[in-house]
Amino acid sequence: MRYLSTRGQTKPHTFSEAVEAGLAPDGGLFLPEKLPDIADKLPAWSKLTYPQLAAEFFTLFAPEISNAEWHQLTAEAYRRFDSPDVAPLKKITDKTYVLELFHGPTLAFKDFALQLLGLLYKRQVEHTGKRLSVLGATSGDTGSAAIHGCLGRDGITIFILYPNGRVAPLQERQMACTGADNVFAIPVPGTFDDAQRVVKETFGDTAFANSVNLSAVNSINIARVLAQCVYYIWASLKLPEHARASAEYVVPTGNFGNVLAGWMAQRMGMPAGGFRVATNQNDILHRFFSSGEYSQSDVHPSHAPSMDIQAASNFERFLYYILGQNAERVREVMAQIKSGAPFKIELPKTSLRSTRMDDDTIVKVIAQMWKDWQYVLDPHTACAFTDMAQDRVSVVLATASPAKFPEVVQRATGSEPTHPTLEALKSKPLQTWPMAADVATVQAFIRQQTSHGTKA
Ligand SMILES: *Cc1c(COP(=O)(O)O)cnc(C)c1O
């Protein structure tokens with residue numbers, strides 16, 4: 001299987017090369033040259049455990065890693081999830097199911113991809129003998145999931161920048177209370193954009209990046225999208241057979257990575273009725289799916305902070321498909337987006353629709369779901385509970401544990417949600433490395449922390 005860039009100006013990569021590169025050199029995103037057809041495999045796959053299913057799926061996309069090794073990798077990646085099903089599908093009513101994606105170490109769905117990515121990094125270190133420095137910026141969930149994917153892995157040092165005082169206290173604790181000596185949680189002054197700028201400029205200095213073998217952890221890695229396809233297939237196989245072909249998957253959306261994975265699984269032959277892109281008040285994607293017009297505005301912080309985005313980074317992959325896999329058109333449209341100018345396209349008929357939810361409604365929905373069904377939602381998942389399909393089954397993807405967002409949930413339900421993992425963090429010492437949002441400072445720090453031990 002070869003991987004091509006959405007912008008068409010990068011030579012084909014293998015899976016491992018595409019994972020290592022993250023972003024394609026031409027600025028585009030990697031996609032498999034051709035999506036495999038999985039429809040005839042589904043009956044056999046319905047008997048597998050979650051890690052087994054993930055291994056069979058990944059073998060189709062990266063046969064250069066043996067099936068036996070994929071089984072080892074996925075068994076290890078999902079070993080620390082606290083549910084035997086890994087992604088349990090809970091039935092709330094005859095028409096509504098919730099797919100709980102928050103049973104991993106950091107209690108949000110990003111663990112599905114980042115636990116596996118950490119192991120792929122480790123495999124790379126073993127194969128090349130070169131130490132790896134992983135660098136990223138986060139507004140919360142991605143950084144903690146990335147840290148827990150790399151925690152304690154030999155040969156990997158991870159540096160995560162975040163805006164000081166602007167991530168949730170529990171998210172900061174998840175990053176800064178690991179006690180691991182290969183993890184550096186770095187608060188910097190300013191906003192997420194300032195942290196992100198320092199990270200981008202650090203990568204832009206290629207001499208430096210090569211000298212410490214720097215790798216990016218961000219939401220556009222193709223391994224992340226593929227790891228997310230697996231839980232849609234899993235959920236589909238757990239549904240009653242009569243509901244599979246019509247079920248609508250409802251996905252709390254920010255960067256469009258999660259819902260894209262489901263839509264791609266459908267293109268591979270997973271039965272599904274459709275997908276709903278559920279946004280918060282930062283509704284650029286809702287406006288796009290309603291009108292075909294894509295116009296950026298300012299980000300307004302919401303109760304669902306991991307969905308507070310202005311430019312959905314995985315959207316380019318969707319564009320590539322709906323523009324008929326025409327890389328030249330993708331380049332034109334992406335240039336237009338980059339210029340900040342709004343654009344409008346004739347939306348082809350797809351299986352996607354969208355909704356939006358404001359902050360007041362998020363609180364009301366959490367309260368109502370608790371009252372009616374004794375089910376506690378986190379503020380991101382709450383965004384899914386509007387305009388439910390009446391005529392078919394809905395599968396809501398629950399992207400985070402309510403215990404990660406105790407203030408909003410307490411306001412809605414009257415009691416504070418807790419989780420043993422988070423309780424344990426509260427008594428651990430916080431270890432951070434605050435520094436200036438400055439490239440030279442960050443580079444000097446990375447060099448200092450990676451200069452001992454086996455050298456590249
Ligand atoms: C990252 C995140 C989202 C948004 O997912 P995308 O793939 O960026 O669309 C939604 N909910 C939670 C809890 C998240 O951490």
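Numbering of ligands and ligand atoms starts at 1, following listing order.
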I'd like the atom pairs linking ligand 1 to the protein - N or O on both sides, separation under 3.5 Å - with distances to 0.1 Å.
| residue | atom | partner | partner atom | Å |
| --- | --- | --- | --- | --- |
| ligand 1 | 7 (O) | Gly257 | N | 3.2 |
| ligand 1 | 7 (O) | Asn258 | N | 3.0 |
| ligand 1 | 8 (O) | Asn255 | N | 2.7 |
| ligand 1 | 9 (O) | Gly254 | N | 2.7 |
| ligand 1 | 9 (O) | Asn255 | N | 3.2 |
| ligand 1 | 9 (O) | Phe256 | N | 2.9 |
| ligand 1 | 11 (N) | Thr399 | OG1 | 2.9 |
| ligand 1 | 15 (O) | Lys110 | NZ | 2.5 |
| ligand 1 | 15 (O) | Asp141 | OD2 | 2.6 |

Return the set of residues passing side chain to side chain contact (heavy atoms under 4.5 Å, CB included) with Glu416 (not counting sequence neighbours), or none when no residue passes.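 Scan of Glu416 (side chain to side chain contact (heavy atoms under 4.5 Å, CB included), adjacent residues dropped) gives Pro406, Gln410, Lys426.
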Test applied, side chain to side chain donor-acceptor pair (under 3.5 Å); reference residue, Tyr162; option that passes from Gln196, Gln171, Glu172: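 The side chain to side chain donor-acceptor pair (under 3.5 Å) with Tyr162 is passed solely by Glu172 among Gln196, Gln171, Glu172.
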Could you pull out every donor-acceptor pair under 3.5 Å between side chains of residues 220-237 and any protein atom, sequence neighbours left out?
| residue | atom | partner | partner atom | Å |
| --- | --- | --- | --- | --- |
| Asn221 | OD1 | Ala223 | N | 3.1 |
| Asn221 | ND2 | Val19 | O | 2.9 |
| Arg224 | NH1 | Asn218 | O | 2.9 |
| Gln228 | NE2 | Gly257 | O | 3.2 |
| Tyr231 | OH | Asn258 | OD1 | 2.7 |
| Tyr232 | OH | Asn258 | O | 2.8 |
| Tyr232 | OH | Asn258 | OD1 | 3.3 |
| Trp234 | NE1 | Ala87 | O | 2.8 |

Test side-chain hydrogen bond (donor to acceptor under 3.5 Å, both in side chains) applied to Glu33 - qualifying residues, sequence neighbours left out: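 In terms of side-chain hydrogen bond (donor to acceptor under 3.5 Å, both in side chains), with neighbours along the sequence ignored, Glu33 is linked to Arg2.
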Is there a donor-acceptor contact under 3.5 Å from the side chain of Arg353 to the main chain of Phe289?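 Such a contact is absent between Arg353 side chain and Phe289 backbone.
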Can you say whether the rings of Phe288 and Tyr294 are parallel (under 30°), tilted (30 to 60°) or perpendicular (over 60°)?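 Ring orientation, 0 to 90° scale: perpendicular.
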